[in-house]
Amino acid sequence: MTTPTPAGPSDFIRELVAADRAAGKHAGRVVTRFPPEPNGYLHIGHAKSICLNFGIANENPGGICHLRFDDTNPTTEDPEYVEAIQEDVRWLGFDWHDKLFYASDYFERLYGFAVTLIKKDKAYVDSLSADQMRDYRGTLTDPGRNSPFRNRPVEESLALFERMRAGTFPDGTHVLRAKIDMASPNINLRDPVLYRIRHAAHYRTGTAWCIYPAYDFAHPLSDAIEGITHSICTLEFEDHRPLYDWVVAETDAPHRPQQIEFARLNLTFAVMSKRKLLELVEKNLVAGWDDPRLPTLKGLRRRGVTPDAIRAFCEHIGVAKRDAVVEMQLLEHFIREDLNKRSPRVMAVLKPLKVIIDNYPEQTVEELDAVNNPEDPSAGIRQVPFSRTLYIEQDDFREDPPKQFFRLAPGREVRLRYAYIIKCVGVVKDPQTGVITELHCTYDPETKSGASHEQRKVKATIHWVSAPHAVPAEVRLYHPLLTADLSKVTPDQDWTHYLNPQSLERLADCVVEPSLRGVQPGTRVQFERQGYFCVDPDSSAQTPVFNRTVSLKDAWAKIEKSQRLR
RNA sequence: UGGGGGAUCGUCUAGCGGUAGGACGCCGGCCUUUGGAGCCGGCUACCUAGGUUCGAUUCCUAGUCCCCCAGCCA
């Protein structure tokens with residue numbers, strides 16, 4: 001029997017957690033953690049992990065998810081990122097309560113665990129250079145060789161490790177290594193580095209330390225210290241798991257967390273690697289980490305995406321172990337679906353063309369009823385002013401209309417949304433340039449929108465804004481940043497030439513209906529026939545700035561169109 | 001060529017020995033007082049070869065392909 005897709009999210013990790021609870025493992029407790037390194041801003045890929053970890057904690061009674069900063073590398077980390085990451089997790093709608101931790105808070109305890117290991121002769125101070133170590137490590141197919149320092153007496157390692165901490169040695173002269181097996185087929189087990197010397201100021205511990213624990217040492221022990229039950233990470237750590245377990249076991253840590261791996265999120269046409277995102281920001285190829293063209297949470301927020309849409313997307317894509325590349329169209333679908341429900345429809349003209357209704361009284365202003373959201377009757381109606389002089393979209397008029405063009409043209413009729421049917425009776429051009437400067441139309445007073453009698457048919461309805469009431473606005477259209485799939489680009493290849501140099505289009509002469517005067521930053525609206533816009537949440541400009549990210553489909557259509565014209 | 005993982009519509013994902021389901025996408029139609037909206041219909045998949053079985057996407061065997069690992073990054 002085929003069963004329909006279950007209503008709630010379910011995946012192998014949730015099943016495993018459920019099985020552990022049922023078996024009474026960890027006394028039925030569920031403790032997860034989201035452990036970012038504060039070396040960049042969070043993006044949609046992190047959202048998958050956040051939704052998973054916090055989601056599992058929320059779904060299980062008494063479950064909790066810690067937020068832990070994995071800040072063990074002083075050279076890449078910055079408090080700016082710590083702040084931004086916390087904002088983003090909260091914005092996404094998750095709460096770590098009082099469970100905010102820093103791996104750097106464990107430095108003293110971690111040092112103690114390391115000393116324990118040395119005393120058990122399970123770790124030693126190695127004095128090989130980095131190059132020598134690489135040489136001794138062997139290759140994928142050849143086993144490694146023992147370091148000449150591997151059998152250093154425990155007392156000597158202990159003393160050396162103490163002096164490493166004291167700052168006696170320069171960077172790179174010594175490391176602390178686990179004593180496991182240099183011939184292991186798993187390279188991670190060939191005496192991995194546990195501590196390295198780094199004379200660098202840490203953003204939290206300052207210069208208190210000049211040795212820093214490596215991920216493979218700090219992470220399992222941080223999990224153990226915090227009583228994490230399920231340590232969920234991405235696939236590339238699968239062959240670190242034996243080391244993870246080794247560290248927890250050999251240090252006699254107070255608790256045995258379990259590492260579980262899942263496939264990270266890849267999105268087509270999105271720059272997701274922190275290295276590349278950093279490069280974009282540092283080379284000023286984008287305006288910052290919150291540039292709406294970026295898949296960062298801050299960027300998505302500025303283009304009007306809601307946390308609800310991101311969470312719905314993350315739930316839908318599922319959790320599995322196979323490598324996956326999700327299509328951008330799927331993300332866009334969830335964004336549209338969400339925005340459709342919540343964004344009021346308003347009228348705006350992006351490229352204005354003046355229209356004068358010759359037979360409409362000069363001083364008259366009518367207030368016409370407009371529906372705020374056809375999908376949500378509770379959103380109600382508003383009034384929009386109508387007058388003799390209007391703006392319509394330049395694209396809605398063609399002097400010489402092609403076959404499939406049904407909007408305004410000389411002698412033709414269209415309906416003005418919420419208003420009257422008008423007919424174009426005259427075209428005024430600049431005598432110098434020949435550019436159309438205004439249209440003259442007549443209106444039919446019998447055709448007012450909502451009038452119950454005799455429905456006249458017109459081929460098209462267009463939007464408009466009353467000129468004397470129009471509110472000036474700026475619109476920024478963000479096209480997809482990339483025109484190629486970056487996953488095909490090798491790490492050392494220059495990838496920035498794939499960026500679309502025309503990815504930002506600024507339209508300065510836009511007008512919007514008066515109901516948008518003084519609208520709050522962050523407000524999401526749908527412009528009639530133009531798509532979803534968000535009043536830039538972080539803009540302090542006098543005139544409202546509307547952001548819109550152009551969908552892949554539209555972007556491609558535009559590219560094709562421009563190619564046809566050539 | 002060592003080790004660790006993974007293969008189901010174009011893309012994600014379900015299935016746990018009994019007619020391969022959902023979503024996105026795409027195609028067609030309807031709607032037309034806006035649509036990047038809505039409604040209706042259609043499309044395409046079990047990596048290969050053997051075996052076990054009444055019956056295999058599911059179990060077994062062999063193979064193929066893809067991903068990850070040789071940082072004193074995480």
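By convention in this document, chain letters (A, B, ...) are assigned in the order of the sequence lines, proteins followed by strands, and residues within each chain are numbered from 1.
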K.L.:
What nitrogen or oxygen pairs link the protein and nucleotides 72-74 of chain B at under 3.5 Å?
P.N.:
residue : atom : partner : partner atom : Å
B/C72   : OP1  : A/R137  : NH2          : 3.4
B/C72   : OP2  : A/R137  : NH1          : 3.2
B/C72   : N4   : A/L128  : O            : 3.1
B/C72   : N4   : A/A130  : N            : 3.3
B/C72   : N4   : A/G172  : O            : 3.0
B/C73   : OP1  : A/R198  : NH2          : 3.0
B/C73   : OP2  : A/R196  : NE           : 3.1
B/C73   : OP2  : A/R196  : NH2          : 3.2
B/C73   : OP2  : A/R198  : NH2          : 2.0
B/C73   : O3'  : A/R196  : NH2          : 3.1
B/C73   : O2'  : A/N73   : ND2          : 3.0
B/A74   : OP1  : A/T72   : OG1          : 2.8
B/A74   : OP1  : A/R196  : NH1          : 3.3
B/A74   : OP1  : A/R196  : NH2          : 2.7
B/A74   : OP2  : A/Y215  : N            : 3.0
B/A74   : O3'  : A/D70   : OD2          : 3.3

K.L.:
Check whether A/Y102 forms a cation-pi arrangement with A/R204 (NZ or CZ under 6.0 Å from the six-membered ring centre, at most 45° off the ring normal).
P.N.:
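Cation-pi check for A/R204 and A/Y102: passes.
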
K.L.:
Quick one: does NZ or CZ of A/R165 land under 6.0 Å from the six-membered ring centre of A/Y111, within 45 degrees of the ring axis?
P.N.:
yes

K.L.:
How should the glycosidic conformation of B/G71 be described, syn or anti, under the criterion that syn lies within 90° of 0?
P.N.:
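With its glycosidic angle within 90° of zero, B/G71 counts as syn.
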
K.L.:
Any base atoms under 4.0 Å from A/T549, or only sugar-phosphate, or nothing? Heavy atoms, all strands.
P.N.:
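The answer is base, as A/T549 lies within the cut-off (heavy atoms under 4.0 Å) of a base atom.
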
K.L.:
Tell me what A/A419 touches on the nucleic acid: a base, only sugar-phosphate, or nothing, going by heavy atoms under 4.0 Å.
P.N.:
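Answer is nothing: A/A419 stays at 4.0 Å or more from every strand.
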
K.L.:
Could you work out, with side chain to side chain donor-acceptor pair (under 3.5 Å) as the rule, every residue matching A/R137, not counting sequence neighbours?
P.N.:
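For A/R137, no residue satisfies side chain to side chain donor-acceptor pair (under 3.5 Å) once neighbours in sequence are set aside.
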
K.L.:
Take atom P in B/G63 and the same atom in B/G2, then report the distance between them in whole Å.
P.N.:
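To the nearest whole Å, 12 Å.
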
K.L.:
Report the residue (A/R417 or A/K48) whose heavy-atom-nearest nucleotide on RNA chain B is the more 5′ of the two.
P.N.:
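Comparing both residues, the 5'-ward one is A/K48.
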
K.L.:
Once ring pair (Phe, Tyr, Trp, His ring centres under 6.0 Å) is applied, do any residues pair with A/H333, and if so which ones, sequence neighbours excluded?
P.N.:
none

K.L.:
Report, one pair per line, the protein and nucleotides 4-9 of chain B atoms (nitrogen or oxygen only) whose separation is under 3.5 Å.
P.N.:
residue : atom : partner : partner atom : Å
B/G5    : O2'  : A/E238  : OE1          : 3.1
B/G5    : O2'  : A/E238  : OE2          : 3.1

K.L.:
Restricting to side chain to side chain donor-acceptor pair (under 3.5 Å), what partner residues turn up for A/N186, sequence neighbours left out?
P.N.:
A/N188

K.L.:
Please tell me which of A/P374 and A/V326 maps to the more 5' nucleotide of RNA chain B, matching each residue to the nucleotide holding its nearest heavy atom.
P.N.:
A/V326

K.L.:
State which residues pass ring pair (Phe, Tyr, Trp, His ring centres under 6.0 Å) with A/Y244; sequence neighbours excluded, sorted by chain then number.
P.N.:
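Counting only residues at least two positions away or on another chain, A/Y244 forms no ring pair (Phe, Tyr, Trp, His ring centres under 6.0 Å).
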
K.L.:
At less than 3.5 Å, do the side-chain atoms of A/T141 and the base atoms of B/U1 form a donor-acceptor pair?
P.N.:
no

K.L.:
Atom pairs, N/O to N/O, protein against nucleotides 25-30 of chain B, distance under 3.5 Å?
P.N.:
none

K.L.:
Honestly, is A/R293 close enough over A/Y478, meaning NZ or CZ under 6.0 Å from the six-membered ring centre and within 45° of the axis?
P.N.:
no

K.L.:
Pull out every stem in RNA chain B, meaning runs of 3 or more consecutive Watson-Crick or G-U wobble pairs with both distances under 3.5 Å.
P.N.:
B:2-7 with B:64-69, B:10-13 with B:21-24, B:25-30 with B:38-43, B:47-51 with B:59-63

K.L.:
List for me each residue that meets ring pair (Phe, Tyr, Trp, His ring centres under 6.0 Å) alongside A/F397, sequence neighbours excluded, and say none if there are none.
P.N.:
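Result, ring pair (Phe, Tyr, Trp, His ring centres under 6.0 Å) vs A/F397: none returned.
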
K.L.:
What is the per-nucleotide protein-contact pattern of nucleotides 38-48 of chain B, from the 5' end, where B denotes a base atom under 4.0 Å from a protein heavy atom, S denotes such proximity for sugar-phosphate atoms only, and - denotes neither?
P.N.:
-----------

K.L.:
According to side-chain contact (heavy atoms from CB on, under 4.5 Å), who are the partners of A/E279, at least two apart in sequence or on a separate chain?
P.N.:
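Here the qualifying residues are A/R275, A/K283, A/W495, A/T496.
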
K.L.:
Holding to side chain to side chain donor-acceptor pair (under 3.5 Å), I want the full list of residues that pass it with A/Y106, two or more places apart in sequence or in another chain.
P.N.:
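Expected list: A/E226.
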
